[in-house]
Amino acid sequence: MADGADVLHETITAVVAQHAMGGDERIGQLVDMLTAPLVRNSARPTSLPVVETWLEPAAALADGPETTVAEALIRHGDSLLWRRAYDTVPPTPEISWMHDGYAYGVLIGPAGGTGGNSTPPFPPPFISDEVFLGFSIQAPDTLYPAHHHLPTEIYGVIGGTADWLNGTGQWTPRPPGSVFIHEPHEIHGMRTGPEPLLAWAAWIDHPAETAYLAD
Ligand SMILES: [Fe+2]
């Protein structure tokens, strides 16, 4: 019988498939990875205050195809493995907000965790050594500083319009329904204004790699 993680898997796969039509071929590769057999894990769900506070308000800002994902997250977001980012990096004022203002919920990824910079590395609901897929929540008026990583990353905005930094140093507002790719080690970041941000993200190679804050 399908549980919350199965529903989320089916829903995000359908939405990514919609974006793959006419889009970058790497979005199609992600669909192939999502529809390949995945190892199911009896997840040990965790949650965080930022999820409790901002998941529903951010999901309410969804528009377009991602609306189905927003609705699934409201119902089944508690089946994800929610984690803080950069827990194991020495605390600085720049990243201290992350402990309260940002979380990511893993649906698919390596058994030993992904990102390499948060603990504990519980297995996610679906285990894969090929791909990471998760969801992120960022509170209003917070900055996810410039960072980079080896994996090629595909992002989709579910709810909330934030400013996104790309590798040319430009900050661009990206509304719900936006899908875009960060190339290996391309600098990127996000800053929210009055709205929270709910997004999906996938690493389509090197899913056990680590993200690094930019110098
Ligand atoms: Fe990234």
Side-chain angles (χ1 to χ4, degrees), residues 12 15-16 19 23-24 26-27 29-30 33-34 48 50-51 54 58 66 69 73 80-89 92 94-99 101-110 112-119 121 124 128-139 142-192 196-215:
I12 188 64
V15 168
V16 175
H19 289 297
D24 190 291
R26 290 171 290 184
I27 304 174
Q29 291 172 16
L30 174 57
M33 292 179 190
L34 296 178
L48 292 167
V50 68
V51 179
W54 292 111
E66 262 74 3
V69 181
L73 281 168
L80 297 170
L81 177 63
W82 287 102
R83 306 176 69 179
R84 293 174 169 174
Y86 303 100
D87 259 3
T88 59
V89 175
T92 65
E94 234 191 351
I95 65 163
S96 61
W97 68 268
M98 284 188 171
H99 293 167
Y102 177 88
Y104 67 102
V106 186
L107 179 66
I108 305 167
T114 193
N117 47 30
S118 59
T119 56
S128 172
D129 290 325
E130 308 297 321
V131 63
F132 159 84
L133 188 136
F135 304 90
S136 65
I137 293 176
Q138 190 165 324
T142 53
L143 170 70
Y144 189 140
H147 61 288
H148 63 93
H149 41 70
L150 174 62
T152 306
E153 179 175 67
I154 305 175
Y155 251 110
V157 178
I158 299 171
T161 299
D163 287 333
W164 293 73
L165 174 70
N166 66 20
T168 67
Q170 301 250 297
W171 288 92
T172 307
R174 296 192 185 274
S178 303
V179 174
F180 42 97
I181 296 177
H182 297 134
E183 303 293 343
H185 288 302
E186 178 181 352
I187 299 282
H188 54 284
M190 310 86 99
R191 67 184 176 204
T192 49
L197 173 64
L198 177 63
W200 60 265
W203 283 3
I204 61 171
D205 48 45
H206 307 95
E209 265 288 338
T210 300
Y212 301 95
L213 295 171
D215 293 333

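In each ligand, atom 1 is the first atom listed, and ligand 1 is the first ligand listed.
Our summary of the site lists the angle at the Fe ion (ligand 1) between OE2 of Glu153 and NE2 of His149 as 90°, to the nearest 10 degrees.
At least one N, O or S atom of His188 sits under 2.8 Å from the Fe ion (ligand 1). Look at His147 and the Fe ion (ligand 1): no N/O/S atom of the residue is under 2.8 Å from the metal.
A side-chain donor from one of His188 and His147 sits under 3.5 Å from a side-chain acceptor of the other.
Relative orientation of the Phe180 and Tyr155 rings is parallel, given thresholds of 30° and 60° on the angle between their planes.
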Margin query: Walk me through whether Val106 and Phe132 qualify under side chain to side chain contact (heavy atoms under 4.5 Å, CB included).
Written below: CA-CA 8 Å; Val106 186; Phe132 159 84; 3.8 Å; yes

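Under a 3.5 Å cut-off, the side chain of Thr192 and the backbone N or O of Thr142 do form a donor-acceptor pair.
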